[in-house]
Number of protein chains: 2
Amino acid sequence: MEVTNTEDKKLNPEKNLHLIFARARNQELACPVRDVIHRISDKWSLLSILALGSRGTLRFNELKKEIGDVSQRMLTVTLRNLETDGFVTRTLFPEVPPRVEYTLTDLGKGLLQQALLLADWANDALPEIVESRKKFTKK
Amino acid sequence: MEVTNTEDKKLNPEKNLHLIFARARNQELACPVRDVIHRISDKWSLLSILALGSRGTLRFNELKKEIGDVSQRMLTVTLRNLETDGFVTRTLFPEVPPRVEYTLTDLGKGLLQQALLLADWANDALPEIVESRKKFTKK
DNA sequence: CAGAATCCGAAAAGATACTG
DNA sequence: CAGTATCTTTTCGGATTCTG
């Protein structure tokens, strides 16, 4: 395998960059970073992951309420994608009226951890970002 | 302030979730997570950050070449956004022909670290994601 | 309740041609 | 070299209507 060991990655993650870029240019196999970023970058995926992470298991409408301003269609689309990628499980209880429960898989929980790290960083960095934006809007 | 201390965040990042969601629903002030995700989620921002992170300082066309398949227009747009947010600096040398150098700011290096963590995770998680996708394309 | 299906407008991104 | 300007294509996401 071309992958360095975990020790190396933690100490020197830059070493993986050429691999990342190699894959990024490869049209046949998707670049993992692009791929994952693209999946979580839509308007609702991360929010869904965060909601499920904080609340555990949620029904469709509970999740919709938790997120707040997502449309029915987009929540459905988002959940289908997350399910396809293995981040959430969808359990249908064949009752009348039907009940559907969503919960994070282990893979989804891993993504949640990444999202939380990113969220924390974003929270801390925001003032600086806002400050920088002000400079450029003035110009 | 409503922000928990650093110790808490590291130990229990979930505690920040309600704050994140509170901001996410607030239309007047942007949610930091959404905001940052939205900025880095476009097709080229992260790749630009990673390229500058691995190579240090790059000229426009060097960066374009490094990324590979980005159009001139999109790289320009991307770099303007990254500059506005304070992630990269743009230095114009008034020569003929003109020379422009891009490099990461400290804030940009912080984002790079986050990106590298995410990239590593994505690399590791990819096989599982691909496997999951196969199941659903068959159905 | 939890969706599927359709339609439409807005936004993102690519191709191309031109310029200081 | 490092863009800008313009046009076209593609993708995203919301509103609405219908259903097991």
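Worth knowing before you read on, the calculation uses all heavy atoms, side chains too, and leaves out hydrogens, waters and symmetry mates. Since we're looking at a predicted model, the values are computed, not measured. In the text below, chain A, chain B and the rest are named by the order of the sequence lines, each starting its count at 1.
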Find the distance A/Arg39:CZ to D/dT11:P and express it as a whole number of Å. 14 Å
Write down the distance between CG (B/Leu63) and C1' (D/dA2), rounded to a whole number of angstrom. 12 Å
Side-chain heavy-atom pair B/Trp121, A/Val36 within 4.5 angstrom cut-off: yes
Side-chain donor or acceptor of B/Ser41 paired with backbone N/O of B/His38 under 3.5 Å: yes
Which residues in residues 77-99 of chain A have at least one heavy atom lying under 4.0 Å from any atom of DNA chain D? A/Pro98
Could you check how far CD of B/Gln72 sits from P of C/dT19, rounded to whole Å? 15 Å
Atom CG of B/Leu75 and atom C1' of C/dA15 are separated, to the nearest Å, by 16 Å
If you compare all heavy atoms of A/Leu75 against all heavy atoms of A/Ser48, which two are closest, and at what distance to 0.1 Å? CD1-OG, 4.0 Å
Measure from the side chain of A/Asn61, starting at C-beta and using heavy atoms only, and say which of C/dA2, D/dG13, C/dA13 lies closest. C/dA2
Co-membership, hydrophobic cluster, residues A/Leu92 and A/Phe60, 4.5 Å side-chain: yes
Flag, side chain of B/Ser45 to backbone of B/Arg39, donor-acceptor distance under 3.5 Å: yes
From the list C/dG3, C/dG14, D/dA2, which nucleotide is the closest neighbour of the side chain of B/Phe60? D/dA2
How many whole angstroms separate atom CG of B/Asp69 from atom C1' of C/dG14? 11 Å
Residue-phosphate contact under 4.0 Å: A/Lys64 side-chain N/O, C/dG3 OP1/OP2: no
Residue whose closest nucleotide on DNA chain D lies nearer the 5' end, B/Glu62 versus A/Asp42: B/Glu62
For every nucleotide of nucleotides 6-11 of chain C, 5' to 3': is a protein heavy atom under 4.0 Å from its base (B), only from its sugar-phosphate (S), or from neither (-)? B-----
State whether the side chain of B/Ser132 and the backbone N or O of B/Glu128 hold a donor-acceptor pair below 3.5 Å, judged by distance alone. no
Pairwise side-chain contact, A/Val100 with A/Thr91, heavy-atom cut-off 4.5 Å (strictly under): no
Which pair of heavy atoms, one from B/Thr105 and one from B/Gly86, lies closest together, and at what distance? OG1-O, 2.6 Å
note: B/Ile67, atom CD1; C/dG14, atom C1'; distance rounded to Å ~ 15 Å
What is the separation between atom CE on A/Met74 and atom P on D/dT11, rounded to the nearest whole Å? 14 Å
Please state whether the phosphate of D/dC1, meaning OP1 or OP2, lies under 4.0 angstrom from any side-chain nitrogen or oxygen of B/Tyr102. no
Would you mind reading off the distance between B/Glu101 atom CD and D/dC1 atom C1', rounded to a whole angstrom? 13 Å
Going by heavy atoms in the side chains, are A/Asp69 and A/Trp44 under 4.5 Å from each other? yes
